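The model shown is predicted, which means the values in this text are computed figures rather than measured ones.
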Amino acid sequence: MFSIDWPDILIRIGAAVVIGGVVGVEREYKNRPAGMRTHVLVCLGACIIALLECLMRQELNASSDEGQITMTMGRLSAQVISGIGFLGAGTIFSSQKKIAGLTTAASLWTVACMGLLTGFGFYYVAGACCLLVLIVLTFLQRIIRVNAIKRVEVRFIHRTETLSYINKFLSKNGVKILDVDFHVENKADGQTHEFNVYTNLYTLHLPTRFTYTDIVNELSEHPNIQAVRTRNT
């Protein structure tokens with residue numbers, strides 16, 4: 001006969017709070033929209049739904065003869081898994097044509113699933129999943145580095161000399177130039193002298209060992225280069 005008592009209920013609730021808190025601390029440390037409290041509440045809420053299903057099953061088994069009443073487990077849990085999407089969507093936002101918050105939304109959904117595991121009493125599976133989630137959030141990007149294609153805007157003077165320096169620098173570090181847009185402005189120095197200011201917008205593909213921070217830092221040190229910045233569009 002299936003049964004669940006108060007000590008077991010408290011253990012499952014405590015495990016849900018710990019698992020949600022551990023993942024939430026990592027998100028809060030990185031200043032993400034959903035932090036520790038949000039993850040704890042999501043995990044705890046999912047755990048409560050799983051406990052409710054367990055208690056309902058126990059209540060039905062206790063009040064009926066064996067085999068007379070059947071119960072489909074998982075219907076409430078399925079609503080948790082699908083319903084948590086509204087909360088995850090709230091952590092996703094768009095700024096300057098860039099989508100952010102997808103990882104936090106995914107962590108909320110995963111925490112809800114781990115809450116269901118703890119509610120049903122699968123502590124070891126939930127703990128292993130929590131460890132894997134932390135590894136993915138904390139270490140995976142450091143182990144596997146993917147440099148997405150971005151654009152680098154370089155503003156400079158003395159075209160021939162500076163372009164030669166930029167091209168040699170990119171070639172030396174294995175950076176591929178996929179496309180270049182350029183713009184020329186005529187400036188005055190406050191007196192009678194006029195000069196051209198060039199703005200090149202490079203679309204680049206970087207090797208794994210090199211980052212856009214390296215490009216900005218290196219190029220900005222050249223005296224002819226007035227400004228360097230990355231752009232997503």
Side chains of [X] and [Y], heavy atoms from C-beta outward: is any pair under 4.5 Å?
X: V22; Y: V133; result: no
X: N224; Y: Y165; result: no
X: V23; Y: C130; result: yes
X: V228; Y: V152; result: yes

Applying a strict under-4.5 Å side-chain criterion to I, L, V, M, F, W and Y, I'd like to know whether [X] and [Y] cluster together.
X: Y123; Y: I9; answer: no
X: I13; Y: L41; answer: no
X: V18; Y: L44; answer: no
X: L206; Y: F169; answer: yes
X: L108; Y: L134; answer: no

If I compare all heavy atoms of [X] with all of [Y], which pair ends up nearest, and what's the gap?
X: A16; Y: C43; result: O-SG, 3.2 Å
X: G115; Y: T118; result: O-OG1, 2.7 Å
X: C129; Y: L117; result: SG-CD1, 4.2 Å
X: V80; Y: A112; result: CG1-CB, 4.3 Å
X: G174; Y: P207; result: O-CD, 3.4 Å

Between the CD atom in E218 and the CG atom in N173, the distance rounded to the nearest 0.5 Å is 7.0 Å
Distance col, row L116:CG vs I48:CD1, nearest 0.5 angstrom, shows 11.5 Å
Name the orientation class of the two ring planes belonging to F120 and F122 (parallel below 30°, tilted from 30 to 60°, perpendicular beyond 60°).
-> tilted
So the salt bridge (charged side-chain N to carboxylate O under 4.0 Å, His left out) pairs with at least one residue in residues 220-229 (sequence neighbours excluded) are E153-R229
So the salt bridge (charged side-chain N to carboxylate O under 4.0 Å, His left out) pairs with at least one residue in residues 159-183 (sequence neighbours excluded) are none
Is there a donor-acceptor pair closer than 3.5 Å between any side-chain N or O of R155 and the backbone N or O of T199? no
Quiz item: Within the side chain of T162, is there an N or O that forms a donor-acceptor pair under 3.5 Å with the backbone of I157?
Solution: yes
Listing, residues 100-107 side-chain donor-acceptor contacts under 3.5 Å, not counting sequence neighbours, or none:
{"from": "T104", "atom 1": "OG1", "to": "R27", "atom 2": "NH1", "distance (Å)": "3.3"}
{"from": "S107", "atom 1": "OG", "to": "H39", "atom 2": "NE2", "distance (Å)": "2.8"}
{"from": "S107", "atom 1": "OG", "to": "T104", "atom 2": "O", "distance (Å)": "2.7"}

Sorted by chain and number, sequence neighbours left out, salt bridge (Lys or Arg N to Asp or Glu O under 4.0 Å) with E28 holds for none
request  = Indicate whether the side chain of T203 and that of R151 have a donor and an acceptor atom separated by less than 3.5 Å.
outcome  = yes
Those residues at least two apart in sequence (or on a different chain) that pass side-chain contact (heavy atoms from CB on, under 4.5 Å) with I177 are N167, L170, V180, Y202, L204
Residues passing the ring-ring contact (aromatic ring centres under 6.0 Å, His included) test with Y198, sequence neighbours excluded, are F156
